Student: 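Can you keep this structure in mind? I'll have questions shortly.
On a predicted model such as this, the values are computed, not experimentally measured, just so you know. In what follows, every chain begins at residue 1, and chains take the letters A, B, ... in the order their sequences are listed.
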Amino acid sequence: MDKKTKVLRLMEFLDSRYANAECSLRHENPFQLLTATILSAQCTDARVNIVTEELFRKYPTPKDLADADMEELCGDIKPTGFFRNKAKSLIGMGKKLVSNHGGEVPGTMEELIKIPGVGRKTANVILGNCFGRPAVVVDTHVKRIAFRIGLTGNTDPEKIEQDLIKIIPPERSAEWSHQVILFGREICTARAPKCGECPVNGICADYAARIKKHFKP
DNA sequence: CTCCCGATAT
DNA sequence: ATATCAGGAG
């Protein structure tokens, strides 16, 4: 089965199961989403949302983050893990927005990835959710699922992004990313994927390999 | 490539 | 006990 057929069937399933999928990081503006996304590295969205509830009250603007005390900010975000790296990133991000972008979140990939703590994944979250731009978000779930199904043979996130851009309709790429992430949390999990109850196991290269391995004549 | 790191599920 | 969670920097 070719990739385009797989993507078509996958999207059909995703639309039926996860209609109107939205960003699961709680936010009210681009600055808040950027903050939450930086915190979301190797951490569940649910935990980020717990932390940001208070964080957004304490640091409502980029300037507030720019002026934040390092030790205090570490304490504020500690439950999300990697807190020293993330605190440094958030302060650097605040300073960058104030000094280079008039306190606003920029809307291009080129500018976004120059911000401390922001790589292509985080940049695509912002472009897709705040600017309505085509954006395939290659996070741990998208990476795992694209590889399992056989939509890519690459393991490098940027190459996976390039592979997916060719086969996902641009106007739907942002929502597609959300849907795949929900699918990854619920069914196609990293540790023990629920292949038996997976509605799209028929298009999955990894599932086919598992079946073949278990079936020994 | 390694390091960063707390919380949760398995 | 260990793998994993909306990764990025050096």
Student: Does Thr140(A) place a side-chain N or O at less than 4.0 Å from the phosphate oxygens OP1/OP2 of dC5(C)?
Tutor: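 True: Thr140(A) side-chain N/O within range (under 4.0 Å) of dC5(C) OP1/OP2.
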Student: Distance check, C1' atoms only: dC5(C) and dC4(B), in whole angstrom units.
Tutor: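 Taking atom C1' in both dC5(C) and dC4(B), they lie 14 Å apart.
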Student: Using the closest heavy atom to pick a nucleotide of DNA chain C for each, name whichever of Pro116(A) or Cys23(A) lands nearer the 5' end.
Tutor: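 Nearest nucleotide further toward 5': that of Cys23(A).
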Student: Could Asp45(A) and Arg185(A) be called an ion pair, given the rule that one side-chain N must be under 4.0 Å from one carboxylate O?
Tutor: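 Here Asp45(A) pairs with Arg185(A) in a salt bridge, since their nearest N and O are under 4.0 Å apart.
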Student: Starting at atom CZ of Phe83(A), determine the distance to atom C1' of dG8(C), rounded to an integer number of angstrom.
Tutor: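 Taking CZ of Phe83(A) and C1' of dG8(C), I get 17 Å after rounding.
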Student: May I ask you to say what Thr122(A) touches in the nucleic acid, namely base, sugar-phosphate or nothing, with a heavy-atom cut-off under 4.0 Å?
Tutor: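 Sugar-phosphate contact only - Thr122(A) comes under 4.0 Å of backbone atoms but never of a base.
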Student: What integer distance in Å separates Leu182(A):CG from dA6(C):C1'?
Tutor: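 Checked: the CG to C1' distance equals 10 Å.
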Student: Between Arg9(A) and Glu12(A), does any side-chain N to carboxylate O distance fall below 4.0 Å?
Tutor: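 No, no charged N to carboxylate O under 4.0 Å.
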Student: Whole Å only: how far is the CD atom of Gln42(A) from the C1' atom of dT8(B)?
Tutor: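 After rounding, the reported distance stands at 14 Å.
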Student: Take Lys78(A) and Lys194(A), find for each the nucleotide of DNA chain B with the closest heavy atom, and name the residue whose nucleotide sits nearer the 5' end.
Tutor: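 By nearest-heavy-atom nucleotide position, the 5'-most residue is Lys78(A).
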Student: Hey, does the side chain of Arg144(A) come within less than 4.0 Å of dC5(C)'s phosphate (OP1/OP2), counting only N and O?
Tutor: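 For dC5(C), OP1/OP2 do have a side-chain N/O of Arg144(A) under 4.0 Å.
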Student: Over how many whole Å does the gap from Ile145(A) atom CD1 to dT4(C) atom C1' extend?
Tutor: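 So the two atoms are 14 Å apart, to the nearest Å.
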Student: Using a heavy-atom cut-off of under 4.0 Å over every strand shown, decide if Thr37(A) touches base, sugar-phosphate, or nothing.
Tutor: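 Nothing, no heavy atom under 4.0 Å.
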Student: Under the 3.5 angstrom rule, does the side chain of His141(A) hit a backbone N or O of Asp139(A) as a donor-acceptor pair?
Tutor: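 No; zero donor-acceptor contacts below 3.5 Å.
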Student: Using a cut-off of less than 4.0 Å, is there contact between a side-chain N or O of Arg185(A) and OP1 or OP2 of dC5(C)?
Tutor: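 Result: no.
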Student: Can you measure Asp45(A) atom CG to dT8(B) atom C1' for me and round it to whole angstrom units?
Tutor: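 Value for this atom pair: 14 Å.
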Student: Would you please determine if the base of dC4(B) is stacked by Phe82(A), with stacking meaning a centroid separation under 5.5 angstrom and planes under 30 degrees?
Tutor: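 Yes; by the centre-distance and plane-angle rule, Phe82(A) counts as stacking on dC4(B).
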Student: Tell me the interatomic distance from Ile38(A), atom CD1, to dG8(C), atom P, rounded to whole angstroms.
Tutor: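 Going from Ile38(A) (CD1) to dG8(C) (P), I get 9 Å.
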Student: For the pair made of CD in Glu158(A) and P in dG8(C), what is the distance, rounded to whole Å?
Tutor: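 Rounded to whole Å, this separation is 11 Å.
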Student: What's the verdict on side chain to side chain contact (heavy atoms under 4.5 Å, CB included) for Cys43(A) and Lys86(A), showing C-alpha distance, side-chain angles and the deciding distance?
Tutor: CA-CA 12 Å; Cys43(A) 175; Lys86(A) 289 175 180 176; 4.2 Å; yes
Student: With side chains defined as the heavy atoms from C-beta onward, is the minimum distance between Asn154(A) and Gln162(A) less than 4.5 Å?
Tutor: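 No, too far: nothing below the 4.5 Å cut-off.
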Student: Please report, rounded to the nearest Å, how far the P atom of dA6(C) is from the OH atom of Tyr18(A).
Tutor: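 After rounding, the reported distance stands at 13 Å.
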Student: Using a cut-off of less than 4.0 Å, is there contact between a side-chain N or O of Arg47(A) and OP1 or OP2 of dG6(B)?
Tutor: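 Looking at the OP1 and OP2 atoms of dG6(B), neither is under 4.0 Å from any side-chain N or O of Arg47(A).
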Student: Considering only the P atoms, how many Å lie between dA9(B) and dA6(C), rounded to the nearest integer?
Tutor: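 Here dA9(B) and dA6(C) have their P atoms 12 Å from each other.
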Student: So how far is it from Trp176(A) CH2 to Asp15(A) CG, rounded to the nearest 0.5 Å?
Tutor: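 Between atom CH2 of Trp176(A) and atom CG of Asp15(A) there are 12.0 Å.
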Student: Looking across every strand, which nucleic acid part, if any, lies under 4.0 Å from Arg191(A) by heavy atom: base, sugar-phosphate, or nothing?
Tutor: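 If one applies the 4.0 Å heavy-atom cut-off, Arg191(A) turns out to touch a base.
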Student: Between dC5(B) and dA3(C), how far is it from one C1' atom to the other, in whole Å?
Tutor: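 Nearest-Å result for dC5(B) against dA3(C) at atom C1': 14 Å.
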Student: Determine the contact category for Val118(A): base if any of its heavy atoms lies under 4.0 Å from a base atom, sugar-phosphate if only primed atoms, P, OP1 or OP2 are that close, otherwise nothing.
Tutor: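 Sugar-phosphate, backbone atoms only, no base.
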